[in-house]
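Owing to the predicted nature of the structure, the values given are computational and were not obtained by experimental measurement. The figures here come from the full heavy-atom set of this structure, side chains too, leaving out hydrogens, waters and symmetry mates. Chain identifiers are assigned alphabetically (A, B, ...) following the order of the sequence lines, protein sequences preceding nucleic acid strands; residue numbering begins at 1 within each chain.
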Protein chains: 2
Amino acid sequence: MTNSAGKTGKTRIQREKNQQILEAALNVFSQFGFRGSTIDQIAKEAGLSKPNLLYYFPSKEAIHSELLSGLMDSWLDPMRELNADGDPKEEILSYVRRKLQMSRDFPRESRLFANEIIQGAPRILPAIEGELRELVAEKSAIIQGWINDGRIARLDPQHLLFSIWSLTQHYADFEVQVRAIMPADERVYPRAETHLETLFTRMISI
Amino acid sequence: MTNSAGKTGKTRIQREKNQQILEAALNVFSQFGFRGSTIDQIAKEAGLSKPNLLYYFPSKEAIHSELLSGLMDSWLDPMRELNADGDPKEEILSYVRRKLQMSRDFPRESRLFANEIIQGAPRILPAIEGELRELVAEKSAIIQGWINDGRIARLDPQHLLFSIWSLTQHYADFEVQVRAIMPADERVYPRAETHLETLFTRMISI
DNA sequence: ATCCATTTTGACCATTTGGTCAGGATCAGG
DNA sequence: CCTGATCCTGACCAAATGGTCAAAATGGAT
């Protein structure tokens, strides 16, 4: 995860501690949500005293918002790559694979977002209504174009995108449930990938 | 939502207040999670003083756990109805429709579960590893049977079930996001239903 | 080794939070 | 309309929480 934040600061110590704090905050916030998390908890997880942590960030709010905004960009990257000029099937399947990889490699980040959105997205609604909405409009148009050209089957482009998010993020957000149901030794992600490839292939094939 | 809880208690007032409290707690817990919610907040939402609320429930924990356990059963009902003797396609699509209806009619309940699971399911892991796991095993076997009989296309039954949960619950859990992206006047659920019918029809058709 | 900026800490504070309790208000049956 | 059971409240408490501050400790360039 490109942590655009946490790299700021001029001194060595500033960079290190900043990083530690954001890492710890990600652990805590992604599990308990903003209101359910405490500064003490984050400080402890980061190996700092509370006043020391507050030397680097002015408030709990500031840490959370730094995390979220630092994340917003890289979160949308997989969708940005969806290319109108590529092969429709390969474009869509690649997007699904990239998104599933993110769930596998950055589940905490996924849960941070999930928490935020379940709580009504108080801090990122503007970004959703702006940036994301626009991106969805753009990519939906591309997909609609493929449909009109008869290159993939008829479907609702917006809901197709929702489905991609839903299916891939599920493996991160509901990780505990998935693991509790699957046999303990089973490697979840390889099967998930095969499953989703099958699903979307059948969905878009003419 | 069958609120098996909240109907207990002998006096009229007990039944009423119990109901009010659980209703209010559902609002609060589903939005902020267990740790992010406060008794005061629930009491206020229920129109009671805090000590008065604590007259009916001994602790915050008790309210939460009553809500969750009261919900667990009705939450699994749609899956229980999946019947080995029915028509495979109709059985699966009916399940999807029932589940989507639940998202539409009981989004708070869905978010309550989502919150709980994201947080590592500390209070319901036993139920997941027991009841739910067993139910999944049973229904997976049915689906595998249909595959073996050549009545639906080859697929991973467990991941098919995950996909059904994921896709339907998404509309409740990420409601804010969906609404922020869709045109304001658009009726989300009718299109969602059509979309999911299409998706699962293509997925299972031979 | 010195010196200034950076970093860290303990002590502190106001508010919030989960929860208790004794006594007063209200209800429902006789 | 009396009475015991049920219900409700204000006052209270200890712990947790978000945050401040002055002073001590440390880092690093010279």
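The backbone N or O of A:His195 sits nowhere less than 3.5 Å from a side-chain atom of B:His159 that would complete a donor-acceptor pair. Panel note: side chain A:Ser110, backbone A:Ala172; no donor-acceptor pair is recorded below 3.5 Å.
In this structure, NZ of A:Lys17 is placed 12 Å from C1' of D:dG27, rounded to the nearest angstrom. In this entry the distance linking NZ of B:Lys44 with P of D:dC8 reads 20 Å, nearest Å. When the P atom of C:dT7 is taken as reference, atom CD1 of A:Ile21 falls 11 Å away, rounded to whole Å. Between A:Phe29 atom CZ and D:dG18 atom C1' there is a gap of 12 Å when expressed in whole angstrom units. As a whole-Å value, the separation of B:Leu53 CG from D:dC8 P is 11 Å. Rounded to whole Å, atom P of D:dG18 lies 4 Å from atom NZ of A:Lys60. Nucleotide C:dT7 holds its P atom 10 Å from the CD atom of A:Glu16, rounded to whole Å. Residue A:Arg35 contributes atom CZ, which lies 12 Å from atom P of C:dT16 at whole-angstrom precision.
Contact annotation for B:Tyr56: backbone-only contact, meaning every heavy-atom pair under 4.0 Å involves sugar-phosphate atoms and none involves a base. Residue contacts shown for B:Ile39 are limited to sugar-phosphate atoms, with no base heavy atom under 4.0 Å away. Heavy atoms of A:Lys50 sit under 4.0 angstrom from at least one base atom.
Ranking D:dT6, C:dT6, D:dT9 by closeness to the A:Tyr55 side chain, first place goes to C:dT6. Checking C:dT20, C:dT9, D:dC7 against every side-chain atom of B:Gln14, the shortest atom distance belongs to D:dC7. Among C:dT8, D:dG10, C:dA11, the nucleotide with an atom closest to any side-chain atom of A:Pro51 is C:dA11.
An OP1 or OP2 oxygen of C:dT7 is reached within less than 4.0 angstrom by a side-chain nitrogen or oxygen of A:Thr11. Here A:Asn52 does not reach the OP1 or OP2 of C:dT7: none of its side-chain N or O atoms lies under 4.0 Å away. Residue B:Arg12 places none of its side-chain N or O atoms closer than 4.0 Å to OP1 or OP2 of C:dC27. Not one side-chain nitrogen or oxygen of B:Ser59 sits closer than 4.0 Å to the OP1 or OP2 atom of C:dG18. Contact annotation: A:Ser49 does not reach the phosphate of C:dT8 (side-chain N/O to OP1 or OP2, under 4.0 Å).
Using a 4.5 Å heavy-atom threshold, the side chains of A:Phe29 and A:Leu68 count as separate.
For the pair B:Arg104 and B:Tyr171, the cation does not sit on the ring face, since its NZ or CZ is not both under 6.0 Å from the ring centre and inside 45° of the axis.
Rounded to the nearest 0.5 angstrom, A:Leu53 CG and A:Lys17 NZ are separated by 10.5 Å.
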